[in-house]
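Have a look at the structure below before the remarks.
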Amino acid sequence: MKRIILTFLALLCSQIIALSEEIHFDNNVYTLKYSAIAPQTKGYGNEYFLKSENVSNWNKMIGVYYYPEENNPIKYAQDFDKTIENTENSMLLKYIENKKCDKAALSFLVNGCENAKKYFEYDIYKFEKNPNKGMTVLKYAVKHYFTNDDEINSIAEKIKENNDKYLETIITSPIPSIIEKDISRMD
């Protein structure tokens with residue numbers, strides 16, 4: 001009987017670990033496909049993608065990043081905002097900060113091109129103090145590809161329509177725990 005209970009507990013633990021490598025957002029399941037220490041921040045970065053996507057080929061992704069040496073999320077977000085506003089191919093959509101909770105969030109667009117395909121990357125970042133030390137960042141990103149300029153208006157309307165909803169969801173969602181596991185494969 002003791003052996004059955006131990007086997008059951010081992011199975012349960014493996015299921016909990018497997019579940020922690022998935023994030024559910026906006027009716028999609030994102031799977032952890034990249035995790036590594038970031039040399040610049042000395043913290044881990046986890047990136048989650050849809051089943052058929054990966055680090056080098058994605059349309060939607062969620063990132064969770066840990067900055068152990070950064071203790072001021074609002075200042076960091078303000079500096080990030082300035083960078084966005086001073087970058088020619090980026091446009092800030094909304095910036096929100098809550099000084100009482102030491103949190104900030106922003107959404108923005110980046111105009112890009114890869115493999116001869118033009119796109120707007122829609123990004124939301126949330127910055128908050130990590131309960132142990134430093135800062136944790138949650139990122140949600142979607143690439144909207146277009147072939148002609150006529151499609152830009154419909155992309156802009158879709159983003160405008162959903163921006164507040166996605167921002168609110170990201171702001172109110174707890175940031176998933178960082179998984180310290182070296183996964184740098186490109187599947």
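In this structure Tyr66 satisfies the ring pair (Phe, Tyr, Trp, His ring centres under 6.0 Å) test with no other residue, sequence neighbours excluded. With sequence neighbours excluded, the residues satisfying salt bridge (charged side-chain N to carboxylate O under 4.0 Å, His left out) with Lys75 are Asp79. For Lys82, the salt bridge (charged side-chain N to carboxylate O under 4.0 Å, His left out) test picks out no residue, with sequence neighbours left out. In terms of the side-chain hydrogen bond (donor to acceptor under 3.5 Å, both in side chains) criterion, residue partners of Ser35 (sequence neighbours excluded) are, by chain and number, Asn46. Legend: residues meeting salt bridge (charged side-chain N to carboxylate O under 4.0 Å, His left out) with Glu114, ordered by chain and number and at least two apart, are Lys143. By the salt bridge (charged side-chain N to carboxylate O under 4.0 Å, His left out) test, Lys100 pairs with no residue at all, sequence neighbours left out. In this structure, the ring pair (Phe, Tyr, Trp, His ring centres under 6.0 Å) partners of Phe146, at least two apart in sequence or on a different chain, are Phe120. Listed by chain and number, the residues in a side-chain hydrogen bond (donor to acceptor under 3.5 Å, both in side chains) with Tyr119 amount to none (sequence neighbours excluded). By the ring pair (Phe, Tyr, Trp, His ring centres under 6.0 Å) test, Tyr67 is found to be paired with Tyr76, residues two or more places apart in sequence or in another chain being considered. When the side-chain hydrogen bond (donor to acceptor under 3.5 Å, both in side chains) test is applied to Glu121, no partner is found at least two apart in sequence or on another chain.
Within the structure, every pair that satisfies the salt bridge (Lys or Arg N to Asp or Glu O under 4.0 Å) test and touches residues 58-70, not counting sequence neighbours, is listed here: Lys42-Glu69. Residues in residues 158-168 take part in these salt bridge (Lys or Arg N to Asp or Glu O under 4.0 Å) pairs, two or more places apart or across chains: Lys94-Asp164.
Residues Phe127 and Tyr65 form no side-chain contact, since every pair of their non-hydrogen atoms from C-beta on lies 4.5 Å or further apart. Between Lys103 and Ile171, every side-chain heavy-atom pair lies at or beyond the 4.5 Å cut-off.
Of all heavy-atom pairs between Lys33 and Val55, the closest is O-CG2, 4.4 Å. The nearest pair of heavy atoms linking Asp102 to Lys129 is OD2-CE, 2.8 Å.
Using a 3.5 Å distance cut-off with no hydrogens or angles, the side chains of Glu21 and Tyr48 do not pair a donor with an acceptor.
Between the side chain of Asn148 and the backbone N or O of Asp150 there is at least one donor-acceptor pair closer than 3.5 Å.
From Ile124, atom CD1 reaches atom NZ of Lys139 across 11.5 Å, with rounding to the nearest 0.5 Å. Put simply, CG on Asn130 and CG on Asn71 are 10.0 Å apart, with the number rounded to the nearest 0.5 Å.
Only one option out of Asn89, Thr87, Ile84 pairs with Val110 in a side chain to side chain contact (heavy atoms under 4.5 Å, CB included); it is Asn89.
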